[in-house]
Amino acid sequence: QGCDGGKTGSTNEAGCCLAATAKRADMRLVGVIVGAKDSKTRFNECSSLFNYGFANFSITKLVETQNPIASVNVSKGKVSQTQVFAEESFSALLKKGEEENYKIETSLPNFVKAPAKCGQSVGKVMIYKDGVLVKEINLIVKQDVQKMSLMETIEKIGEKW
């Protein structure tokens with residue numbers, strides 16, 4: 001199920017061979033069989049590989065660009081806070097039941113100084129597997145953060161009094 005490509009071949013030395021791909025949901029697997037005794041065996045073995053892979057592994061999105069990672073205070077801005085997002089998504093192939101091997105940490109300043117432009121990097125998200133850093137992704141603002149004018153600053157001070 002899901003097999004969408006393949007290349008067969010055979011020689012006396014290598015036997016019957018197959019390289020194939022299959023996709024189910026968001027996961028694509030590649031299976032390679034070398035040295036099968038006949039054509040039927042190579043297809044059955046590859047099918048077994050795919051079934052094992054899809055049954056025991058999954059692709060999990062650990063970081064997504066659409067979901068905010070955190071909110072950060074803004075200094076001298078027209079807004080008091082802004083949300084930060086990962087610059088890129090990160091997915092991992094995980095053996096089912098071993099999701100706890102990944103840990104995600106963020107490194108953010110206490111505040112972002114306005115003005116800040118859309119796409120500006122303001123921090124990082126670090127992804128660790130079994131304590132080893134595997135990926136570092138910039139955290140960005142997705143909209144311009146405008147600086148308060150002098151008059152707006154004076155009005156804000158007046159409101160606090």
Side-chain angles (χ1 to χ4, degrees), residues 1-74 77 79-113 116-145:
Q1 180 187 5
C3 187
D4 58 1
K7 173 66 177 109
T8 61
S10 62
T11 65
N12 289 338
E13 286 184 358
C16 292
C17 305
L18 171 65
T21 68
K23 184 173 182 184
R24 295 182 194 168
D26 289 337
M27 188 164 74
R28 175 173 299 284
L29 297 178
V30 176
V32 178
I33 304 298
V34 178
K37 66 180 180 181
D38 56 41
S39 182
K40 185 177 181 180
T41 302
R42 74 177 159 198
F43 289 118
N44 287 340
E45 290 296 319
C46 197
S47 180
S48 294
L49 280 176
F50 287 145
N51 288 335
Y52 176 84
F54 288 118
N56 291 286
F57 294 87
S58 65
I59 296 289
T60 302
K61 287 188 177 184
L62 298 175
V63 176
E64 294 187 55
T65 59
Q66 304 92 325
N67 301 328
I69 300 292
S71 291
V72 179
N73 292 327
V74 175
V79 295
S80 61
Q81 286 191 328
T82 188
Q83 293 181 323
V84 295
F85 297 79
E87 191 172 41
E88 62 182 284
S89 295
F90 181 82
S91 298
L93 178 68
L94 304 177
K95 187 164 186 173
K96 292 181 179 174
E98 293 186 2
E99 292 83 4
E100 69 278 355
N101 293 351
Y102 280 87
K103 183 178 178 187
I104 298 170
E105 293 181 0
T106 58
S107 173
L108 287 166
N110 292 331
F111 63 89
V112 172
K113 187 175 177 183
K117 294 284 183 192
C118 178
Q120 179 177 325
S121 177
V122 296
K124 297 208 178 283
V125 61
M126 289 83 58
I127 302 163
Y128 296 88
K129 181 181 180 194
D130 298 323
V132 177
L133 180 67
V134 293
K135 184 73 173 175
E136 195 172 87
I137 301 170
N138 287 330
L139 292 175
I140 60 171
V141 292
K142 281 197 172 180
Q143 59 186 12
D144 290 342
V145 178

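Count residues from 1 along the sequence. Only this structure's heavy atoms are used, side chains among them; waters, hydrogens and symmetry mates stay out.
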Query raised in the report: With sequence neighbours excluded, what pairs up with D4 under the salt bridge (Lys or Arg N to Asp or Glu O under 4.0 Å) test?
Result: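 With neighbours one apart ignored, the set is R28.
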Query - Sequence-distant partners of K103, salt bridge (Lys or Arg N to Asp or Glu O under 4.0 Å), two or more places apart - result: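 With sequence neighbours excluded, K103 shows a salt bridge (Lys or Arg N to Asp or Glu O under 4.0 Å) to E105, given in chain and number order.
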Query raised in the report: Can you list the residues that meet the side chain to side chain contact (heavy atoms under 4.5 Å, CB included) rule with A14, with sequence neighbours excluded?
Result: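 So A14 forms a side chain to side chain contact (heavy atoms under 4.5 Å, CB included) with T11, C17.
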Query - All side chain to side chain contact (heavy atoms under 4.5 Å, CB included) counterparts of V72, not counting sequence neighbours - result: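 In terms of side chain to side chain contact (heavy atoms under 4.5 Å, CB included), with neighbours along the sequence ignored, V72 is linked to V84, L108, V112.
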Provide the closest heavy-atom pair for [X] versus [Y] in the form atom of the first, atom of the second, distance.
{"X": "A25", "Y": "K23", "answer": "O-CE, 3.3 Å"}
{"X": "L49", "Y": "G31", "answer": "CD1-CA, 4.5 Å"}
{"X": "Y102", "Y": "I127", "answer": "CD2-CG2, 3.9 Å"}

Close side-chain approach of [X] to [Y], heavy-atom, < 4.5 Å:
{"X": "S80", "Y": "V74", "answer": "no"}
{"X": "Y128", "Y": "I104", "answer": "no"}
{"X": "F90", "Y": "V125", "answer": "no"}

Who passes side-chain hydrogen bond (donor to acceptor under 3.5 Å, both in side chains) against [X], sequence neighbours left out?
{"X": "E13", "result": "none"}
{"X": "R24", "result": "N51"}
{"X": "Q81", "result": "N73"}
{"X": "S121", "result": "none"}

Enumerate donor-acceptor pairs with a distance under 3.5 Å from any side-chain N or O in residues 53-63 to protein atoms, sequence neighbours excluded.
unit_1: N56; atom_1: ND2; unit_2: Y52; atom_2: O; d: 2.9

Query raised in the report: Taking only residues at least two apart or on different chains, which pairs with a member in residues 31-58 satisfy salt bridge (charged side-chain N to carboxylate O under 4.0 Å, His left out)?
Result: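 As it turns out, there is no salt bridge (charged side-chain N to carboxylate O under 4.0 Å, His left out) pair with a partner in residues 31-58 once direct neighbours are skipped.
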Report task. Please confirm whether the backbone N or O of F43 pairs with a side-chain atom of S47, one donor and one acceptor, at under 3.5 Å? Result ->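 Pair absent, no side-chain N/O of S47 close to backbone of F43.
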Query raised in the report: Would one find more than 12 heavy atoms of other residues, nucleotides or ligands at under 6.0 Å from atom NZ of K7?
Result: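 No, NZ of K7 has 12 or fewer neighbouring heavy atoms, counting only those of other groups under 6.0 Å.
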**Report entry** N110, CG atom: more than 12 neighbouring heavy atoms under 6.0 Å
**Finding:**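 12 or below, so no.
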Query raised in the report: Nearest 0.5 Å, what's the OG-CG distance between S10 and L18?
Result: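 Here the rounded value is 11.5 Å.
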Query raised in the report: CE/M27 to CZ/F50 distance, rounded to the nearest 0.5 angstrom?
Result: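 Here the rounded value is 10.5 Å.
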Result block: side-chain N/O donor-acceptor pairs under 3.5 angstrom for residues 133-144, not counting sequence neighbours:
unit_1: K135; atom_1: NZ; unit_2: E88; atom_2: OE1; d: 3.4
unit_1: N138; atom_1: OD1; unit_2: K124; atom_2: NZ; d: 2.6
unit_1: N138; atom_1: ND2; unit_2: E87; atom_2: OE1; d: 3.1
unit_1: K142; atom_1: NZ; unit_2: T65; atom_2: O; d: 2.8
unit_1: D144; atom_1: OD1; unit_2: C118; atom_2: N; d: 2.7

